There are 2 protein chains.
Amino acid sequence: MDEPRWLDAEEMRAWRGYLGLVRLLDYRLNRDLQEESGLTAADYEILVRLSEAPQRQQRMTELAEGAMISKSRLSHQMTRLENRGLACRVGCQTDRRGAFAVLSDKGFDALAAAAPGHVASVRRHLFDQLTPEQVKVLGDLSDAVIAGLTRD
Amino acid sequence: MDEPRWLDAEEMRAWRGYLGLVRLLDYRLNRDLQEESGLTAADYEILVRLSEAPQRQQRMTELAEGAMISKSRLSHQMTRLENRGLACRVGCQTDRRGAFAVLSDKGFDALAAAAPGHVASVRRHLFDQLTPEQVKVLGDLSDAVIAGLTRD
DNA sequence: CTCGGATAGTTGAACCCTCAATCAGACTGT
DNA sequence: ACAGTCTGATTGAGGGTTCAACTATCCGAG
């Protein structure tokens with residue numbers, strides 16, 4: 001193995017910062033969301049995606065790819081959402097292997113009730129702490145890293 | 001509840017970017033680390049902290065706070081590390097309720113073997129994709145958000 | 001001294017995620 | 001038609017995380 005370049009001081013600071021940011025922010029956002037709405041972040045993301053999809057429904061595989069989670073995980077998650085009446089599965093007519101995840105009215109209502117609080121929480125804990133310039137760079141830098149990670 | 005300010009376009013872009021960044025980067029870093037060293041990110045962090053502590057040991061509570069995880073989670077984690085011989089627990093003399101988590105030689109060796117590959121992975125997937133300016137802003141912005149989250 | 005409350009840490013159950021195995025339906029070439 | 005392979009999705013086991021309950025010890029007030 002080659003001698004690796006270590007991280008310089010600025011990089012180490014950014015790295016430690018990133019780690020702390022993610023842990024703290026995820027924790028707080030999840031906590032706020034859970035307390036205010038009874039939804040987890042995982043629940044919330046699925047409901048948002050379904051609510052934005054045509055007919056409020058989407059194929060399982062497509063939904064899993066969009067949310068960047070495994071099909072297995074989505075399947076388990078959908079089972080839980082289904083048990084709570086927030087969504088349901090409907091078989092696909094044209095491809096009988098396939099299934100659509102469908103947002104129920106109850107799921108839509110739960111999302112509508114949760115969204116304002118969640119947005120407020122994201123705003124308060126994240127964007128209210130940042131300058132417009134920092135927001136822009138966060139977007140740019142995320143895109144750059146994602147691009148690197150996405151092109152195999 | 002007050003009318004919440006929604007996110008503007010730049011904020012929404014940054015938010016979606018952040019979400020994708022975290023999911024993808026965590027996934028890839030964990031995967032690389034696991035494959036190359038057999039350690040999970042959670043294992044790795046505990047070992048790093050112990051390796052940097054005086055005597056390569058630290059009180060359970062202090063370690064949990066530093067790593068920003070619950071005492072319960074640390075306790076389970078230490079049980080697993082202990083079973084693999086990477087660390088062990090030693091009772092505290094002056095406070096018989098307390099315990100030190102201690103890094104074993106085997107744990108130190110495992111960390112030393114894992115570190116270069118992990119650093120290379122962080123560099124490749126994250127810092128090689130960013131400009132020095134972006135790295136600086138990432139550090140700044142993380143500090144700002146953490147500060148907001150930390151002052152109750 | 002000793003009672004009550006705070007603190008250090010552990011435990012077990014419930015829950016969630018991952019991974020490999022599986023199933024059923026669709027496509028492809030012969 | 002049909003064997004082989006690919007794809008969409010589910011399942012179950014195993015392992016990690018959370019939450020509340022618990023044990024044991026320490027400390028301060030009376």
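Chain letters run A, B, ... following the sequence lines, proteins first and then strands; every chain starts at 1. Since the structure is predicted, the reported quantities are computational estimates derived from the model, not experimental observations.
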- Taking only side-chain nitrogens and oxygens of B/Gln77, does any of them come within less than 4.0 Å of OP1 or OP2 of D/dG16? no

- Message: Classify A/Arg31 by what it touches in the nucleic acid, base, sugar-phosphate, or nothing, heavy-atom distance under 4.0 Å.
- Response: nothing

- Result for 5'-nearest mapping on DNA chain D, choosing between A/Leu74 and B/Gln93, is A/Leu74

Measure all distances between protein nitrogen or oxygen atoms and nitrogen or oxygen atoms of nucleotides 1-6 of chain C, and list the pairs falling under 3.5 Å.
none

- Closest listed nucleotide, where the reference is the side chain of A/Ser72 and the choices are D/dG12, D/dC19, C/dA26: D/dG12

- How many angstroms lie between OG in A/Ser121 and CZ in A/Arg31, if you round to the nearest 0.5 Å? 11.5 Å

- Interatomic distance, A/Phe100 CZ vs D/dT10 P [rounded to whole Å]: 13 Å

- Note on the structure: To the nearest angstrom, the CG-C1' distance between B/Asn30 and D/dG15 comes to 14 Å

- Item | Rounded distance (Å) that lies between atom C1' of D/dT17 and atom CZ of B/Arg80 | 8 Å

- Query: For B/Gln34 and C/dC17, what is the distance between atoms CD and C1' respectively, to the nearest whole Å?
  - Reply: 13 Å

- Rounded to whole Å, the CE-P distance (B/Met78 to C/dA8) equals 17 Å

- 5'-most contact on DNA chain C (nearest-nucleotide basis), A/Asp95 vs B/Thr79, goes to B/Thr79

- Message: Between D/dG15 and B/His76, counting only base atoms on the nucleotide and side-chain atoms on the residue, is there a donor-acceptor pair under 3.5 Å?
- Response: no

- Item | Carboxylate-amine/guanidinium contact A/Arg23 B/Glu45, below 4.0 Å | yes

- Nearest heavy-atom neighbours spanning B/Arg5 and A/Val119: O-CG1, 3.7 Å

- Query: With a 4.0 Å cut-off, would you call B/Glu133 and B/Lys136 a salt bridge?
  - Reply: no

- Query: Is it true that A/Asp43 and A/Arg80 make a salt bridge, defined as a side-chain N closer than 4.0 Å to a carboxylate O?
  - Reply: no

- Item | NZ/NE/NH1/NH2 to OD/OE distance under 4.0 Å, B/Arg13 and B/Asp8 | no

- Message: Taking only side-chain N and O atoms of A/Arg96, does any of them lie within less than 4.0 angstrom of OP1 or OP2 on C/dC27?
- Response: no

- Query: Closest nucleotide of DNA chain C for A/Ala42 versus for B/Arg89: which of these residues is on the 5' side?
  - Reply: B/Arg89

- Task: Look at the side chain of B/Thr61 and the base of C/dT7, then say whether one donor and one acceptor between them are separated by less than 3.5 Å.
- Result: no

- Query: Expressed in angstrom and rounded to an integer, what is the separation of B/Ile69 atom CD1 from C/dG9 atom P?
  - Reply: 13 Å

- Message: What is the distance, to the nearest angstrom, from the CE atom on B/Met60 to the P atom on C/dA8?
- Response: 12 Å

- Atom pair distance, as rounded to whole Å: CZ in B/Arg59 and P in C/dT7: 14 Å

- Query: Taking atom types as modelled and ignoring hydrogens, do the side chains of B/Arg16 and A/Ser142 form a donor-acceptor contact shorter than 3.5 angstrom?
  - Reply: no

